[in-house]
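Counting starts at 1 for both ligands and their atoms, in listed order. Computed from a predicted model, the values in this text were never measured in an experiment. In this chain, numbering begins with 1 at the start of the sequence shown.
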Amino acid sequence: MSNSAARALAQRKELAGDPHRPHYHFLPPANWMNDPNGLIQWKGQYHLFYQYNPYAPVPAQIHWGHAVSPDLVHWTDLPVALTPTPGRADAEGCWSGCAIDNHGIPTLLYTGVHPQVVCLATSADDLLTWHYDPGNPVIEGPPAELVAGADGYFRDPFVWKESNSWYMLMGSKREGVGGMILLYRSLDLTTWEYLHPLLVGDASTFQPVWMGVMWECPNLLTFGDRRVLLISVHGVLDTDLLYPLYFSGTFRDEQFIPQTQGMLAHGGYFYAPQVLHDDRGRSIMWGWLMEGRSNSLLAEAGWAGVMSLPIIVAPLSGGRLSLEPAPELTTLREKHWRYEGMELSEARNFLHDDSRDDRLEILAEFEPGQDCEFGLKLRCSPDGQEQTRLVYQSESQQVSIEREQSSVNPEVDRENCSVVVEADSGEVVKLHIFLDHSVVEVFVNGRCYLASRIYPERRDSSGLELFSRRGRVRVKSLDIWHLASIWNI
Ligand code: DQQ
C-alpha cells in the first residue's frame, strides 16, 4: 500500500467513531471538502475529484482530491491530483473545473487563483498524476468589456465537444445586473475565443426564486435536442445563501434558449453539482453537501463536507427533471423489513422498533386521504426529545423537514424547510429516504430532491416512527433496509 493510501486509511480509521460521520457517502479521509470536480468515467472506472484542503477542516489551500470507483458506491483514495504551486497561476488554490477526454488524453480545465484564470493539466498515466501545462493560464481573465465587474468572479470551466469545436462555460456576474454564464470556443483547448454570454440572470427577479448576483459551477447536460443548464447561485456574495438551479431549453447556433427553470435541490445544503455521462448513457450527478454546524464544532470534528449520493438525472415532460438515487446503491442493503397496508391516524402511529439504526434506506408509499398531514420521525430518541420529522401535507402538497428538535445542541442548524411537490390527483406519495448519520436525503416521487444535515447529540436518537398529525393515511408499503458501510475500517 502506498504512503498516501496508508495515511488516508489511518485518517479514516481515526474518524470512524464520530457519530456524525457518514458511512456510505463519499467524503475525504479527513479535513475540508467542497465541490465535486473533474467527474469522468475512464476505462470503465468512475473518477471523482473534489475541492480539498488536506490540512484543516476550513476552505483554504484548495487542492484537487481524487478517488476512483468501479460501481459509484465503493471508493478508493488516490493521491492528490492538483496542488497549489508557487510560481504558477494556481499558487493560491486549484479551484473548480472539469475533466475531458481529448483524443485519449485525460485533460483537466480548472480555475487557478488569484486572480481567477483558467488552467489546463494533462495526464499520461490514466489520471493518476497530472502535468501543469506550461502555457497556463489558457484564459487570463474575463473579457475586457466585462472586467469592470467580473474580475474576481470568473471561474469553474465546463468544457464539451460539439460539431468539431470545444466549447467552455464560465461562471461570472454582470455588475449591477446579476449572475452570468460566459461561452467560449476553441479548436485546440489552449487558444480560446470569447463568444458571448450564454445566459444572464436578473437579480431583481424573485420568481420562482431569487436569481442572485453571481453564478458558479455551470454544467450543460444533453438529452437529445433537450439541453439542461445547471448553475449554482451565489445569493449575496460571501454569505451562505447558495442554491442550485436548472434551466431546460435548447442550444442551437451557439445560443441557449431556456424554456423552463427550477430548483435542482432543496434543503439548503446541496451545492455546486457536477454531472458525469457514463457508458450506459446515464447522467450521474453529485453535489457538495455542506455542514450545518459552527466552525468550532468543525474544528473539533476534524472534517467538513460530504458528497451527496450519486443521482441519476433525466428529462421529464414539461421541462422538469427526474431525480433518482443510482440503482447501484441497492448493493448496500442488508437487513430488510417490509410492512404493507397499515392505516395511520392521529390516534394510531407506527413504531419500527426492530432496528435502532443511523444507517437506513426507507421507501414509503402513502395513499393520503383528504386534508391530511403525516410523516416519519427519524433519529428519534425514545422520549422524543430529539427527533427529525419529514412531513407531507396533502392540501398544500408540501414536503417539509422539521429540525427544531433534531438536536439538543444549540450550535447546529435546526431550521425547517418546505417544498411544494405537485402530485397528480390520486398519485401515491413516494418518499425515498437515505439516512446516514448526519446526512438525510429524500427523493419525493422521483422528481424532487431534498438534502439536509442533522446532528443529534443522544446516542439513543436512532428510532423510526410513522405518524399522522391530521386525518387518516394508508401506508401502501414501507420498506426499511439497514445499509452497509462502504469503508472496510
Ligand atoms: N467553490 C470553488 C469555486 C466555486 C465554488 C472554490 C463553489 O471554484 O465557484 O472552492 O462552491
Side-chain angles (χ1 to χ4, degrees), residues 27-28 31-39 48-66 80-84 89-99 108-121 136-139 141-142 149-159 168-173 178-182 201 212-219 229-245 264-265 267-275 285-292 298 304-308 451:
L27 76 179
N31 295 314
W32 173 271
M33 184 205 88
N34 53 302
D35 316 355
N37 287 164
L39 296 179
L48 168 64
F49 300 87
Y50 52 92
Q51 295 284 273
Y52 181 39
N53 177 355
Y55 304 108
V58 297
Q61 308 181 81
I62 296 295
H63 297 55
W64 275 37
H66 187 191
V80 162
L82 295 175
T83 299
D90 62 8
E92 295 176 39
C94 303
W95 283 15
S96 288
C98 64
L108 302 181
L109 288 117
Y110 67 98
T111 309
V113 296
H114 294 278
Q116 295 175 18
V117 296
V118 179
C119 295
L120 182 146
N136 280 331
V138 293
I139 304 181
D151 203 25
Y153 303 102
F154 179 71
R155 52 183 181 259
D156 310 337
F158 171 83
V159 174
M168 179 193 287
L169 301 182
M170 287 294 286
S172 190
K173 62 180 277 202
M180 179 164 56
I181 302 297
L182 304 177
V213 294
M214 197 260 160
W215 288 352
E216 303 176 320
C217 304
N219 277 234
L229 174 67
L230 310 184
I231 62 162
S232 286
V233 173
H234 220 309
V236 178
L237 296 189
D238 304 331
T239 69
D240 57 1
L241 194 58
L242 305 165
Y243 41 83
L245 292 183
L264 184 61
Y269 292 90
F270 178 94
Y271 193 68
Q274 203 170 91
V275 176
M285 174 172 76
W286 283 266
W288 162 37
L289 298 184
M290 303 179 215
E291 295 298 322
L298 296 181
V306 184
M307 214 51 87
S308 72

Test salt bridge (charged side-chain N to carboxylate O under 4.0 Å, His left out) applied to D90 - qualifying residues, sequence neighbours left out:
R88
Are the side chain of N136 and the backbone of L120 linked by a donor-acceptor contact shorter than 3.5 Å?
yes
Is there any protein N/O under 3.5 Å from an N/O of ligand 1, and what does the full list of such pairs look like?
{"residue": "ligand 1", "atom": "1 (N)", "partner": "N34", "partner atom": "ND2", "Å": "3.3"}
{"residue": "ligand 1", "atom": "1 (N)", "partner": "D35", "partner atom": "OD2", "Å": "2.8"}
{"residue": "ligand 1", "atom": "8 (O)", "partner": "S96", "partner atom": "N", "Å": "3.2"}
{"residue": "ligand 1", "atom": "8 (O)", "partner": "D156", "partner atom": "OD1", "Å": "2.5"}
{"residue": "ligand 1", "atom": "9 (O)", "partner": "R155", "partner atom": "NE", "Å": "2.9"}
{"residue": "ligand 1", "atom": "9 (O)", "partner": "D156", "partner atom": "OD1", "Å": "3.3"}
{"residue": "ligand 1", "atom": "9 (O)", "partner": "D156", "partner atom": "OD2", "Å": "2.6"}
{"residue": "ligand 1", "atom": "9 (O)", "partner": "E216", "partner atom": "OE2", "Å": "3.3"}
{"residue": "ligand 1", "atom": "10 (O)", "partner": "N34", "partner atom": "ND2", "Å": "2.9"}
{"residue": "ligand 1", "atom": "10 (O)", "partner": "Q51", "partner atom": "OE1", "Å": "2.7"}
{"residue": "ligand 1", "atom": "11 (O)", "partner": "D35", "partner atom": "OD1", "Å": "2.8"}
{"residue": "ligand 1", "atom": "11 (O)", "partner": "D35", "partner atom": "OD2", "Å": "3.2"}

Main chain of D156, side chain of T111: is a donor-acceptor contact present, judged purely on distance under 3.5 Å?
yes
Quick check: does any side chain N or O of Q51 sit under 3.5 Å from a backbone N or O of C94, one acting as donor and the other as acceptor?
yes
Between F49 and H66, how do the two ring planes meet: parallel, tilted or perpendicular, split at 30° and 60°?
parallel
Decide if the gap between the ring center of H114 and the ring center of W95 is smaller than 6.0 angstrom.
yes
